[in-house]
Amino acid sequence: MSDAPRLGLIVSDTAKAQLGAIELRRAHDWVELEEADVFVVVGGDGFLLHVLHEMLDRDMIKPVYGMNLGTVGFLMNGPHDGVPIAERIADAHPVPVRPLQMHATSHDGRSFVYYAINEVSLLRETRQTAKLEVTINGKVRMEELVGDGVLVATPVGSTAYNLSANGPILPLGSRMLALTPLSPFRPRRWKGAILPESAEVEFRIREPGKRPVAAVADQKEVRDVKTVRIVANAEKELTLLFDPGFTLEERIFAEQFQV
């Protein structure tokens, strides 16, 4: 990246983000997104994830600096504070994020491929518990996992749904994945596993007609799946930029001391 990267601005359509971006628009000479070296995304976590998925789908991957004018803002930096945006980006700390690639096959034979930045989750569709066979790198590790479902989370996503399901928080840069069961009934005391990012995880749904299961890659859902294969895609690596002292790594570390 050059000393003076060209910046493209992407603003959520919420009133809060649009109002907050007025001064930001005036304070810098922005370029069209196709010409930008860095994207500045104004909004909340949900909007940032939407933009990242658009980048993956369009194969237009650029470093992203998020500015929080949304609700949670866990993946974002603070709002515009008068410091020139070019200076904030020049001092920012880059964090690499490798998305998961989900390959799902439905019971009727259709195939789907979606990306997930946070997690891929398998969820029961009815009152019947899900029954899943778990395979890691081609070897069956669990013939039958019975419960509400299971998820595979990245380090970025480990503090989201995964943490709510009592999964482990993964440090950034650990190149690990969390395999976390959702309300497991059998094996009842299985807490999940931590896997290397290079692992290929595959689930086969047992009794799919009686116990239908949906697969969700972040917001993209496939219902009535038969098999789901998940791999981390290094070729689609994303870069998030964070202010010094406000890095995502620090926030993930702090999450482990919340009481």
Side-chain angles (χ1 to χ4, degrees), residues 49 52-53 55-57 59-64 75 93-105 111-123 132-145 147 149-182 184 187 190-205 213 215-220 222 225-242 247-249 251-253 255-256:
L49 287 173
L52 294 175
H53 277 284
M55 290 167 52
L56 290 170
D57 292 342
D59 201 23
M60 188 168 68
I61 297 176
K62 309 285 182 69
V64 173
L75 299 175
H93 172 67
V95 172
V97 176
R98 289 184 178 177
L100 301 176
Q101 191 171 26
M102 178 185 82
H103 300 259
T105 302
S111 297
F112 303 84
V113 178
Y114 292 126
Y115 292 101
I117 295 156
N118 279 345
E119 76 278 318
V120 173
S121 54
L122 277 70
L123 308 166
L132 310 171
E133 179 186 86
V134 183
T135 299
I136 311 295
N137 293 333
K139 181 176 181 178
V140 176
R141 292 291 181 175
M142 188 172 291
E143 292 187 357
E144 188 172 270
L145 170 63
V150 67
L151 63 82
V152 178
T154 67
V156 169
S158 68
T159 59
Y161 190 10
N162 173 72
L163 181 58
S164 298
N166 297 313
I169 294 177
L170 302 175
L172 291 175
S174 64
R175 298 301 187 194
M176 306 298 283
L177 302 174
L179 174 63
T180 302
L182 303 175
W190 188 61
K191 301 298 184 182
I194 297 176
L195 308 175
E197 188 183 63
S198 59
E200 180 176 294
V201 184
E202 187 167 1
F203 302 102
R204 184 175 67 86
I205 286 67
V213 170
V216 184
D218 286 349
Q219 303 96 345
K220 299 289 184 68
V222 181
V225 294
K226 183 179 180 180
T227 61
V228 176
R229 183 169 60 87
I230 302 164
V231 293
N233 192 324
E235 296 179 357
K236 294 279 189 176
E237 185 171 273
L238 302 163
T239 301
L240 301 181
L241 302 174
F242 292 92
T247 65
L248 183 60
E249 186 170 25
R251 275 173 265 179
I252 288 178
F253 187 77
E255 281 283 343
Q256 299 176 75

Task: Inter- and intrachain pairs under salt bridge (Lys or Arg N to Asp or Glu O under 4.0 Å), touching residues 150-173, at least two apart - done: none

Open item on the list: So, taking the atom named CG in Asn118 and the one named CG in Leu75, what distance separates them when rounded to the nearest 0.5 Å?
Closed with: 6.5 Å

Task: Inter-residue atom distance Tyr114.OH - Asp57.CG, 0.5 Å rounding - done: 9.5 Å

With [X] via side chain to side chain donor-acceptor pair (under 3.5 Å) - residues at least two apart:
X	result
Asn233	Gln101
Glu133	Arg204
Lys236	Asp59
Thr180	Asn162

- [ ] Count the heavy atoms belonging to other residues, nucleotides or ligands that lie under 6.0 Å from CD of Glu200, then report whether that count exceeds 12.
- [x] yes

- [ ] Inspect the surroundings of NZ in Lys226 and state if more than 12 heavy atoms from other residues, nucleotides or ligands are less than 6.0 Å away.
- [x] no

Test of understanding: with salt bridge (Lys or Arg N to Asp or Glu O under 4.0 Å), list the residues that count as partners of [X], not counting sequence neighbours.
X	answer
Arg141	none
Glu144	Arg186, Arg206
Arg98	Glu197, Glu237

Minimum-distance pair of heavy atoms, taken over all atoms of [X] and [Y]:
X	Y	answer
Ile194	Pro168	CG1-CG, 3.9 Å
Ala217	Tyr115	CB-O, 3.6 Å
Leu151	Ala153	CD1-CB, 3.9 Å
Thr239	Pro94	CG2-CB, 3.8 Å
Ile136	Ala199	CG2-CB, 4.2 Å
Gly157	Glu119	O-OE1, 4.3 Å

Going by heavy atoms in the side chains, are [X] and [Y] under 4.5 Å from each other?
X	Y	value
Trp190	Met142	yes
Lys220	Met102	no
Val152	Phe203	yes
Val228	Leu132	no
Val156	Val95	no

Task: side chain to side chain contact (heavy atoms under 4.5 Å, CB included) partners of Val64, counting only residues at least two apart - done: Phe39, Val41, Leu48, Leu52, Met55, Leu240

Task: Set of residues satisfying side chain to side chain contact (heavy atoms under 4.5 Å, CB included) with respect to Ser174, sequence neighbours excluded - done: Pro155, Leu170, Pro171, Met176

Open item on the list: Tell me whether Thr154 contacts the main-chain N or O of Ile117 through its side chain, where contact means a donor paired with an acceptor under 3.5 Å.
Closed with: yes

Task: Stepwise side-chain contact (heavy atoms from CB on, under 4.5 Å) test for Leu241 and His93 - done: CA-CA 5 Å; Leu241 302 174; His93 172 67; over 6 Å; no

Task: Passing candidate, side-chain contact (heavy atoms from CB on, under 4.5 Å) with Leu182, options Val150, Leu123, Leu122, Leu145 - done: Leu123

